[in-house]
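In the text below, chain A, chain B and the rest are named by the order of the sequence lines, each starting its count at 1.
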Amino acid sequence: MYLYCIILFIFKIVVEHTQLRILIQPVEKFRFRYKSEMSGNYSTLLGEREKTNYKKQVPTIQLVNCPFKIAVIRCTLVTADEENRFPHAHHLVRKNGNTDTDDPHDIEVSSENNFIAKFYNMGIIHTAKKHVRDEIVRRKRIELLGEKEKVQFGNATISTREDIQIKLEAERIQMRMNLNTVALCFQGFFYGENNVLHPFTEKVYSHPINNLKSALTGDLKICRIDKQSCSCEGNEEVFLLVEKVGKKNIKVKLYEIDNSDNIIWEAEGRFTELDVHHQYAIVFKTPPYKDTNITSPKEVFIRLERPTDGEVSNSVMFVYKPLDKNLNRKRPRLASTCETVESIETDLMENSSLENYSPMNETFVNLDNDISSLTGELKELLNDDHYCNSEDFKTYFSDLSTLESEKNFANDILQKVLRTLRDTALTDNSKATIIVMTRNILLKTTQFGDTALHFSLRHKEYKISKCIVSILSFDPLLSKIVNIQNSSGMTPLHLAVLRNQSDIVKALLNIGADPNLCDEAGATSLHNAVIARASGCIDQLLRSSKNVNLEAHTESGWTALHLAAQVGSLLAVHVLIKAGADVNSIDKLCGCTALHIAVDANHKHIVDYLLTTTKIDLNKKNFGGNTALQSAVAKRGKCAEDLIKIFNKYGADPKIRNNNIDRNDEEENMSRLSAEILIDISDSVIDIESSDSDDDFPESDESSCDLAQNDQKLMQLSCGRGCEYSVDEKLDSGCDMVPGDNSFARSNSVVINHSDAEEHPTNRATTIPISQKSMSSTRPWEDKLTDDHVHRIKDILERTGGWERLAQHTNHGSLVRLYRKTSSPCSALFTKIRLQQPDITLQNVKNLLTDVQEFEAVSALEKQ
DNA sequence: CCTCCATTCCC
DNA sequence: CGGGAATGGAG
């Protein structure tokens, strides 16, 4: 008894000064294992890692101000409920050599280890529900015995009464015990007499440890999402694949944050318990965004939230897109320059004086001689009031139908009349009559809203078009005709660029044509010029004094640059960017940059150009969450791999995740994985190419498929709904519209081509014409290819494998296998080429290299 | 008797 | 050691 008093006394003093401090908490999530899972090695309970320190830790406790030389820190498993701590039914085991021991776990501390105890190799054994009661009883008994031991040294027993009490209590506890959350309990002990341990500190508890495997406490995670955007009106279904969730205990939250991470808007995804599929998927409907009148896409986030413990998942990006009508409203469909027949007629009526009628300063159109020659017959005809008022005359012009027979007839008359008119006007002969008549004729429209100017352009009657433009230039009031839109919204300028008539385009711009008017599909003349590959017209539009809107979006949300990337026109891409088009602008529909579009359309030369010479953000994600590189990877097949090579050259970041969120959270692993995939793919390219039989020209399959795709897109973009002309008709227009044509890629320096008659190869099915073309353009003043040149490019071509494609391209495919065995296949190839073509020039080789997309080698040759 | 899912077992 | 299939109890 005396001893016990001393112990109590010491205990009091010590407790006031001694402190048990948790230096390293255990991890918050840990997999509890069942007994059957504990054979052999098992995962051990680690300590929480610091953010800055990635070293593995274990739960660590320090005894501060310990009055004893040696003390013991004991660790046991308890419930996590702070209000109601008692021993947990689960076991805390600790591996000791080959045997596992149950808790309590004691670690001796002294000045030697700075009174620090590290609890290594602990595991939590999940007690099956059916055994929980028994387990609690066992623990209670031990606890009770321990209490009694303090008083009745050595011979403590438990009475039947106490035993029943314990069992009842255990029954109660069993019902409430949370089997998915535990906590560690630490307490300091000292050695008393006979090495009996006596507690001398308060109990200290760790924070809760949750069962990683349970849906109630496990990690919340969005693994995958089927779409990244929806309309701002919401109510669209989104499929989420998630880590194990409980359907009664999960929410989908959409939220928006400002620059300082404050949540400025949030709403819940709508779903029922039936929409949670087997704990691993949720289908929810998006809530509407706070504002359905947005005009630009809004980035928000989605995450899971668990109401019971407030746990949240990772967040994934999501985009609310503006409504189509808001996109359209933003762009004024009818600019102020837009004219209608009625408004011009009103103008003319109000201002019937002819004083303004005078030739403008410049003559814009060189009329052909035969047009300017007058026939007296016609002159008389036109001066005859009677004839001008006749029904015949009216019939000719009141309905300029597209019917073939009438077309020719109407054209014929129109042409004659216009000739006469023009010359009469020039000679100031019966001016008033002529002018009034002219105006009447030129303001007539067909059932499709075409004026005579539209009509002549549509039917390739360019002489008439020029004639009309010439006449318009004399008449300021009438010149407004140039901005009349037909029933599909096209101005004469739209038609002129589709027809690739650059001089007419120039003249139209000079007399006041507005290049920014949109047709029904939202296309400006610039869009049309790009679609039509009318380089001369693009040039005229860009250099005109008019402020051409480079960033105008079509109805489908594309800018001219996007279209240029889509059709694969390097020249158009180049001049647009040079004129100041924003390389990083995104299309309104999918959030794609020109780079994404070029990748999708498989235009390697565009991709290469964009990466080499522009400041395009190559890691930009579209609304689908993919970078251009990821789009390239997703393409699979041969075409993808060449693209990937180009990206590799320019250091695209394979680390950037797309939206298929990897289950593994560690960035490092992810990036390593992507990089490996990339390398894998690149390797396999080489494999495929090298095992290819030599007689096949690569790519021919894909290009045909690409062509089809282009056509479809073109159709959509250039024609739109309700357009009365077929694409064929549009294509059949004498302008250079060969989808997929990569002839621009072959010129290694980009020069604006002013000629209307652009060369356009109709197909690229064979290599021979191309290489012959490249080779035959030898000019005496050009540099000859030298050994030095070959030396400069051989390493590059051997590294990229480009020499093999060059071999194919120059009809030396059959030698690839042979050359591959040589020390420098590229040198061997060039020896062969120079043997066949002794006069081959540097420029020839550059062209050939451009043909096979070896831009790096081309630039190596350009360095002096 | 069915579905769901916590538990248990297996690789 | 982490993923996942099988089982069987509960509702």
Could I get the full list of salt bridge (Lys or Arg N to Asp or Glu O under 4.0 Å) partners for A/E108, not counting sequence neighbours?
-> none

Report which part of the nucleic acid A/K244 touches: base, sugar-phosphate, or nothing (heavy-atom distance under 4.0 Å, all strands).
-> base

Should the pair A/K290-A/E266 be classified as a salt bridge under the 4.0 Å nitrogen-to-oxygen rule?
-> no

CD/A/Q165: more than 12 non-hydrogen atoms of other groups inside 6.0 Å | no

Could you state the CD1-C1' distance from A/I125 to C/dC1, rounded to the nearest angstrom?
-> 15 Å

Contact string for nucleotides 5-11 of chain C, one letter per nucleotide 5' to 3', B = base within protein heavy-atom range under 4.0 Å, S = sugar-phosphate only, - = neither, reads -------

Does A/R303 make a cation-pi contact with A/Y255, if we ask for NZ or CZ under 6.0 Å from the ring centre and within 45° of the axis?
-> yes

List in chain and number order the residues that pass side chain to side chain donor-acceptor pair (under 3.5 Å) with A/R21, two or more places apart in sequence or in another chain; answer none if no residue qualifies.
-> none

Could I get the full list of side chain to side chain donor-acceptor pair (under 3.5 Å) partners for A/N178, not counting sequence neighbours?
-> A/T181

A/L212 has an atom CG; how far is it from atom P of C/dG2, in whole Å?
-> 8 Å

Distance in angstrom units between A/L45 CG and C/dC1 C1', rounded | 15 Å

Please identify each residue that fulfils side chain to side chain contact (heavy atoms under 4.5 Å, CB included) with A/K203, with sequence neighbours left out.
-> A/C185, A/Q187, A/Y205

Measure from NZ on A/K221 to P on C/dG2 and round the result to the nearest Å.
-> 13 Å

Salt-bridge test for A/D163 and A/K167: reply yes if a basic N is under 4.0 Å from a carboxylate O, no otherwise.
-> yes

Counted 5' to 3', the first and last nucleotides of DNA chain B within 4.0 Å (strictly under) of a heavy-atom of chain A are B/dC4 to B/dC10

Could you tell me the separation between the OH atom of A/Y280 and the P atom of C/dG3, rounded to a whole number of Å?
-> 10 Å

